[in-house]
J.: 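The structure under discussion is supplied below as structure tokens; questions concerning it will follow.
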Amino acid sequence: MLDVQGLWAGYDDVPLVRDVHLEVPATGATAVLGSNGAGKTTLFRAIVGLLRPWRGTVRFDGELLSGQPPHEMVRRGVVYVPAERELFPQLTVAQHLELGAYCAPGLLRSGLQRVYTLFPRLAERKEQRASTLSGGEQQMLAIARALMAAPRLLLLDEPSTGLAPRLVADLYRQLGTLLREGVTILLAEQHVQAALNFCQRVYVLKDGRIAYGGPAGALRGNPELYRTYLGETLGPPAPGGPGHP
């Protein structure tokens with residue numbers, strides 16, 4: 001589905017992503033792991049057109065999309081949820097969801113029904129301003145707003161940041177529902193074990209380059225390999241367990 005080849009990107013004269021090759025199949029979930037500063041956010045911003053790549057190509061369903069503006073990527077079915085969530089404090093939950101459907105106005109009614117079913121808490125708070133929501137509710141809203149555009153590929157940047165373990169487990173169960181509905185997911189994550197339990201394929205970024213690319217199970221089941229690529233000890237299973245179907 002998504003094919004990234006030889007991608008270079010950065011800011012000013014500093015390359016933060018170097019010669020990245022990455023493939024995301026049309027079904028399931030893929031993770032990009034790495035420490036702070038490894039280049040995960042820069043990679044995602046370059047994929048969705050928020051940052052113009054210096055070199056390399058981005059293809060979606062075989063079509064070259066490198067250099068396309070973000071709104072065009074959304075129209076093609078590629079939607080990005082940034083780590084900062086970027087909500088408007090004074091807008092209500094319902095107003096955020098309406099904004100999310102700007103590329104698919106004909107799907108507004110069905111989209112609202114879908115996200116309120118997936119996130120019942122948002123239905124209860126649809127008239128509340130975003131600034132009054134908890135951190136977990138704000139993450140739900142950021143993802144729900146993205147779903148209103150009917151994405152085929154959903155990019156999630158650090159979706160578990162700031163969430164308590166119970167909320168992380170809830171989040172990944174909800175993402176599992178999206179997989180079963182046919183949405184493909186590419187996520188960048190520091191909650192390593194939750195991502196390894198959820199995703200079928202994983203890439204590890206180190207200093208802007210791909211240090212490992214392969215099945216998630218190969219890292220999950222091999223403490224030595226895990227330590228080599230992620231620089232930490234394999235701990236207990238993440239809360240919630242595997243989230244994929």
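Note that this is a predicted model, so its numbers are computed, not measured. The analysis underlying the following values was restricted to heavy atoms, covering all of them including side chains, and did not include hydrogens, waters or symmetry mates.
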J.: Before giving the answer on side chain to side chain contact (heavy atoms under 4.5 Å, CB included), spell out for N36 and Q190 the whole-Å C-alpha distance, their side-chain angles and the decisive distance to 0.1 Å.
T.: CA-CA 8 Å; N36 276 333; Q190 284 192 353; 2.4 Å; yes
J.: Given 3.5 Å as the limit, does a donor-acceptor pair link the side chain of K40 with the main chain of L205, or not?
T.: no
J.: Does any pair with a residue in residues 43-76 pass ring pair (Phe, Tyr, Trp, His ring centres under 6.0 Å), and if so which ones, sequence neighbours excluded?
T.: none
J.: In Å and rounded to the nearest 0.5 Å, what is the CD1 to CG distance from I143 to L175?
T.: 5.5 Å
J.: For side chain to side chain donor-acceptor pair (under 3.5 Å), just list the numbers for T92 and Q128, CA-CA rounded to whole Å, side-chain angles, deciding distance to a tenth of an Å, and then say yes or no.
T.: CA-CA 5 Å; T92 66; Q128 285 187 219; over 6 Å; no
J.: Can you name the nearest heavy-atom pair linking L97 to R145, along with the distance?
T.: CD2-N, 3.7 Å
J.: Show the numbers, then the answer: is there a side chain to side chain contact (heavy atoms under 4.5 Å, CB included) between L147 and L154?
T.: CA-CA 8 Å; L147 293 176; L154 184 64; 4.2 Å; yes
J.: Report yes or no: do V192 and Y203 belong to one cluster of Ile/Leu/Val/Met/Phe/Trp/Tyr joined by side chain heavy-atom distances under 4.5 Å?
T.: no
J.: Is there side-chain contact between T57 and L64, with heavy atoms separated by less than 4.5 Å?
T.: yes
J.: Apply side chain to side chain contact (heavy atoms under 4.5 Å, CB included) to residues L186 and L156 and explain how you reach the verdict.
T.: CA-CA 6 Å; L186 174 63; L156 301 172; over 6 Å; no
J.: Do H96 side-chain atoms and L141 backbone N/O form a donor-acceptor pair below 3.5 Å?
T.: no
J.: Who are the salt bridge (charged side-chain N to carboxylate O under 4.0 Å, His left out) partners of D61, not counting sequence neighbours?
T.: R152
J.: Once rounded to the nearest 0.5 Å, what's the spacing between atom CG of L171 and atom CZ of R166?
T.: 12.0 Å
J.: Taking only distance into account, with no hydrogens and no angle test, what donor-acceptor pairs under 3.5 Å do side-chain atoms of residues 105-119 form with protein atoms, sequence neighbours excluded?
T.:
residue : atom : partner : partner atom : Å
S110    : OG   : L107    : O            : 3.2
R114    : NE   : E181    : OE1          : 3.1
R114    : NH2  : E181    : OE1          : 3.0
T117    : OG1  : Q113    : O            : 2.8

J.: Using 0.5 Å steps for rounding, measure from the CD atom of E189 to the CG atom of L33.
T.: 8.0 Å
J.: Tell me whether L22 shares a hydrophobic cluster with F198, the cluster being built from Ile, Leu, Val, Met, Phe, Trp, Tyr side chains joined at under 4.5 Å.
T.: no
J.: Please identify each residue that fulfils side-chain contact (heavy atoms from CB on, under 4.5 Å) with S134, with sequence neighbours left out.
T.: E137
J.: Would you indicate whether the side-chain heavy atoms of V168 and H191 approach each other to under 4.5 Å?
T.: yes
J.: Is the backbone N or O of P159 less than 3.5 Å from a side-chain atom of Q139, with the two atoms forming a donor-acceptor pair by type?
T.: yes
J.: The criterion is salt bridge (charged side-chain N to carboxylate O under 4.0 Å, His left out); which residues satisfy it with E63, sequence neighbours excluded?
T.: R76
J.: Applying salt bridge (charged side-chain N to carboxylate O under 4.0 Å, His left out), which residue pairs with at least one partner in residues 4-14 are found, sequence neighbours left out?
T.: none
J.: Check whether V48 and L7 end up in the same hydrophobic cluster, where Ile, Leu, Val, Met, Phe, Trp and Tyr are linked by side-chain heavy atoms less than 4.5 Å apart.
T.: yes
J.: By the salt bridge (charged side-chain N to carboxylate O under 4.0 Å, His left out) test, which pairs, at least two apart or in different chains, include something from residues 41-60?
T.: none
J.: Roughly how far, to the nearest 0.5 Å, is OH of Y172 from CG of L178?
T.: 12.5 Å
J.: Keeping to residues at least two apart or across chains, list the salt bridge (charged side-chain N to carboxylate O under 4.0 Å, His left out) pairs with something in residues 80-105.
T.: none
J.: What verdict does the side chain to side chain contact (heavy atoms under 4.5 Å, CB included) test give for C199 and T30, after you've listed the backbone C-alpha separation in whole Å, the side-chain angles of each residue and the deciding distance to 0.1 Å?
T.: CA-CA 5 Å; C199 296; T30 300; 5.7 Å; no
J.: How close do T184 and A26 get, counting heavy atoms only, and between which atoms?
T.: OG1-O, 2.5 Å
J.: Return the minimal non-hydrogen interatomic distance between G39 and V17, and the atom names on each side.
T.: O-CG2, 3.6 Å
J.: Is there a side-chain contact between T177 and R180, using heavy atoms and a 4.5 Å cut-off?
T.: yes
J.: Are M1 and V32 connected, step by step, through hydrophobic side chains (Ile, Leu, Val, Met, Phe, Trp, Tyr) whose heavy atoms are closer than 4.5 Å?
T.: yes
J.: A195 and L187: which non-hydrogen atoms are nearest, and at how many Å?
T.: CB-CD1, 4.1 Å
J.: Please answer whether the main-chain N or O of L133 pairs with a side-chain N or O of Q138 as donor and acceptor at a distance below 3.5 Å.
T.: yes
J.: Which heavy atom in A216 sits nearest to a heavy atom in V202, and how many Å separate them?
T.: CA-CG1, 3.7 Å
J.: When rounded to the nearest 0.5 angstrom, what distance separates CD in Q193 from CG in L219?
T.: 11.5 Å
J.: Filter on salt bridge (charged side-chain N to carboxylate O under 4.0 Å, His left out), then keep only pairs touching residues 196-210, sequence neighbours left out; what's left?
T.: none
J.: Same cluster or not: I185 versus L163, using hydrophobic residues (I, L, V, M, F, W, Y) connected whenever any side-chain heavy atoms lie under 4.5 Å apart?
T.: yes
J.: Would you compute the distance between atom CD1 of I47 and atom OG1 of T42 and round it to the nearest 0.5 angstrom?
T.: 11.0 Å
J.: If the condition is ring pair (Phe, Tyr, Trp, His ring centres under 6.0 Å), which residues does Y102 pass it with, not counting sequence neighbours?
T.: none
J.: My understanding is that a hydrophobic cluster links ILVMFWY residues whose side chain heavy atoms are under 4.5 Å apart, including indirect links. Using that, what else belongs to the cluster containing L16?
T.: Y11, V14, L51
J.: Apply side chain to side chain donor-acceptor pair (under 3.5 Å) to Y80 and list each qualifying residue two or more places apart in sequence or on a separate chain.
T.: D157
J.: What's the shortest heavy-atom distance between P53 and A46, and which atoms?
T.: CG-O, 3.9 Å
J.: Any donor-acceptor pair under 3.5 Å linking the side chain of Q200 with the backbone of A29?
T.: yes
